[in-house]
K.L.:
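Encoded as structure tokens, here's the structure I'll be asking about.
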Amino acid sequence: MYGVGGSGVGGGFNAPSTAAGRRRNQDEDDEEEEDSAEGRVLEAWERAYADDRSWEALQEDESGLLRPIDTKTLVHAQYRRRLLRRSAAAAAARIQKGLIRYLYIVIDLSRAASETDYRPSRMAVVAKHAEAFIREFFDQNPLSHVGLVTIKDGISHRLTDIGGSPESQIKALMGKLECSGDSSLQNALELVHGYLDHVPSYGHKEVLILYSALNTCDPGDIMETIEKCKKSKIRCSVIGLAAEIFVCKHLCEETGGSYTVALDESHFKELLLEHAPPPPAIAEYAAANLIKMGFPQRGAEDLISICSCHKKIKSGAEGYICPRCKVNVCELPTECRTCGLTLVSSPHLARSYHHLFPVAPFDEVSFIPNRGQKGAQNCFGCQQNLFKPGSQSNLHVRCPQCKQHFCLDCDIYIHESLHNCPGCESQRSFSS
């Protein structure tokens, strides 16, 4: 009885203790997994999409209080580095820039573009920022033209003819987002070379390749194609999304372009937008030319004609009339397909002017000498107070010419969009 009772009692007491031991072990394993998960360093895209790590956006100030990180200051610091880098390069020598650019954007849509190291995929990230780049490109280069080329299944396809309408380029891009097959860099260069070889001598020929693959499947010797692009004065630049590749680096070095590799999505956007301003013209290619241009006017309301671009019937209010041959064109800038005259509008020329005489970088300051004077604490541009209560940083900028103070937002707006200093312009108007 004792043995049975003992074993029975023992069994009765041992079963709960074993289950409790299992629960303790499981809890310890769960705690170890949580500790290891907390100690793991998140990837860049994980930090951007993790909603439960909001404390990472906080920092401790001098008094020990937690405050949100000043992202405006960080963005402005990145912008200042780009601005000072461009101004230092321009000050080093008298640089001629190509204002009439013919750019083909080559987008890699091979199977490598479906990788998910960029969220949701490389293809989606490239398409999103390519759309923003096209709009920014036409904003800064109103006399230039853009075309789109894709690579997939080892073949290159031209999505759009080279033209001056951002909306048509974006619409064509968003309708062809499919990834498959291998990438062929040589086929893309051969296709683009065939189209850019017929560009007028005053146009600056460029290729920007957004490359996702780590290899290239070519039908022939790509080195011969690179040499052909070099002889045709085609400037080739590559932005890689995976890792550095020798053939891409060699291509950019031979043709005078730039080769960069993106670290994450924000870095990719920054690298892409650096190609929006016109680059310095290559010395042996920078020949001065006089270009004959026409300034067309809107057609009459009751005028019905067929546009030379799309061969469609349109009213006069929907297009422009070439001043030489009187045909209808849909958009500006463009080249008349009947007489070959370059057609632009006067605002396009005015917007291209700022690249030749840019606004000088402003000086960073954190104080105002006559702060007690009425209105001295306000930004000269937006009239907002430069000294926010409770803020640890009173950083702002000052124009070196007119000595007026501006906030960080106005600094970016003046240099990126307005291209004129309001303080300097107001002094000119008063003096006149």
Side-chain angles (χ1 to χ4, degrees), residues 98-107 134-135 137-150 156-176 188-208 229 232-235 278 285 287 289-352:
L99 299 183
I100 303 180
R101 305 166 63 186
Y102 291 82
L103 171 69
Y104 266 105
I105 304 175
V106 180
I107 300 178
I134 291 173
R135 298 186 188 278
F137 179 87
F138 280 110
D139 183 65
Q140 299 201 31
N141 306 271
L143 300 179
S144 299
H145 302 76
V146 166
L148 295 176
V149 171
T150 60
S156 58
H157 307 267
R158 185 173 72 159
L159 279 184
T160 60
D161 294 333
I162 200 162
S165 172
E167 298 302 329
S168 61
Q169 307 290 339
I170 294 171
K171 183 179 179 181
L173 173 62
M174 295 306 173
K176 295 290 184 180
L189 292 175
E190 289 284 356
L191 179 65
V192 170
H193 175 269
Y195 292 119
L196 290 180
D197 203 32
H198 303 290
V199 166
S201 59
Y202 58 79
H204 291 259
K205 298 173 281 189
E206 301 176 45
V207 180
L208 177 59
C229 292
S232 298
K233 304 176 183 178
I234 300 176
R235 178 191 179 104
Y285 303 162
N289 291 286
L290 291 176
I291 306 170
K292 184 177 290 187
M293 292 185 175
F295 296 88
Q297 296 180 351
R298 287 278 188 182
E301 291 287 344
D302 56 349
L303 178 65
I304 303 297
S305 61
I306 299 177
C307 75
S308 61
C309 314
H310 308 93
K311 304 297 186 292
K312 295 181 179 179
I313 299 177
K314 294 189 177 183
S315 65
E318 296 180 359
Y320 302 88
I321 304 301
C322 175
R324 176 187 285 175
C325 63
K326 309 303 181 182
V327 302
N328 190 305
V329 295
C330 296
E331 58 193 25
L332 298 177
T334 187
E335 183 175 306
C336 180
R337 300 195 178 187
T338 303
C339 64
L341 181 65
T342 301
L343 304 177
V344 298
S345 64
S346 54
H348 289 155
L349 290 178
R351 284 164 53 194
S352 301

K.L.:
Show, in sequence, the C-alpha distance, side-chain angles and deciding distance for Leu208 and Tyr104, and conclude whether the side-chain contact (heavy atoms from CB on, under 4.5 Å) test is met.
P.N.:
CA-CA 6 Å; Leu208 177 59; Tyr104 266 105; over 6 Å; no

K.L.:
Who are the side chain to side chain donor-acceptor pair (under 3.5 Å) partners of Gln140, not counting sequence neighbours?
P.N.:
Glu136

K.L.:
Excluding sequence neighbours, so at least two apart, what forms ring-ring contact (aromatic ring centres under 6.0 Å, His included) with Phe138?
P.N.:
none

K.L.:
State, with a plain yes or no, whether a side-chain heavy atom of Ile100 is found less than 4.5 Å away from one of Thr342.
P.N.:
no

K.L.:
Within the structure provided, determine whether Ile107 and Leu173 are in side-chain contact (heavy-atom separation under 4.5 Å).
P.N.:
yes

K.L.:
Can you see which heavy atom on Glu331 is nearest to which on Gly164, and at what distance?
P.N.:
OE2-N, 4.0 Å

K.L.:
Does a side-chain heavy-atom distance below 4.5 Å link Arg324 with Lys292?
P.N.:
yes

K.L.:
Taking atom NZ of Lys326 and atom OG1 of Thr338, what is their separation to the nearest 0.5 Å?
P.N.:
13.0 Å

K.L.:
Could you tell me which non-hydrogen atom of Ala172 sits nearest to which non-hydrogen atom of Leu159, and how far apart they are?
P.N.:
O-CD1, 4.1 Å

K.L.:
Just verifying a value: how many Å separate Gln169 CD and Met174 CE, rounded to the nearest 0.5 Å?
P.N.:
12.0 Å

K.L.:
Measure across Asn328 and Cys330 and return the closest heavy-atom pair with its distance rounded to 0.1 Å.
P.N.:
OD1-N, 4.3 Å

K.L.:
Which is it for Ile170 and Arg135 under the side-chain contact (heavy atoms from CB on, under 4.5 Å) test, yes or no, and what are the steps along the way?
P.N.:
CA-CA 9 Å; Ile170 294 171; Arg135 298 186 188 278; 3.5 Å; yes

K.L.:
Restricting to non-hydrogen atoms, name the atom on Leu196 and the atom on Glu206 that form the minimum distance, rounded to 0.1 Å.
P.N.:
CD1-O, 3.7 Å

K.L.:
How about Thr150 and Lys176: do any of their side-chain heavy atoms sit closer than 4.5 Å?
P.N.:
no

K.L.:
Would Tyr320 and Arg298 satisfy side-chain contact (heavy atoms from CB on, under 4.5 Å), going step by step from the backbone distance to the final call?
P.N.:
CA-CA 5 Å; Tyr320 302 88; Arg298 287 278 188 182; 3.2 Å; yes

K.L.:
Count the heavy atoms belonging to other residues, nucleotides or ligands that lie under 6.0 Å from CD of Glu335, then report whether that count exceeds 12.
P.N.:
yes

K.L.:
If you measure from CZ on Arg235 to CG on Leu103, what distance do you get to the nearest 0.5 Å?
P.N.:
11.0 Å

K.L.:
From Tyr195 OH over to Lys205 NZ, what is the distance, rounded to the nearest 0.5 angstrom?
P.N.:
16.0 Å

K.L.:
Roughly how far, to the nearest 0.5 Å, is the CG atom of Leu343 from the CD1 atom of Ile321?
P.N.:
10.5 Å

K.L.:
To check you understand the geometry: which heavy-atom pair defines the closest contact between Ile162 and Gly147, and what is its length?
P.N.:
CG1-N, 3.8 Å

K.L.:
So which atom in Ser168 and which in Thr160 form the shortest heavy-atom distance, rounded to 0.1 Å?
P.N.:
O-CG2, 4.4 Å

K.L.:
Would you give the length of the straight line joining atom OG1 of Thr334 to atom CG of Leu341, rounded to the nearest 0.5 angstrom?
P.N.:
10.5 Å

K.L.:
Under 4.5 Å between any side-chain heavy atoms of Cys322 and Val329, yes or no?
P.N.:
no

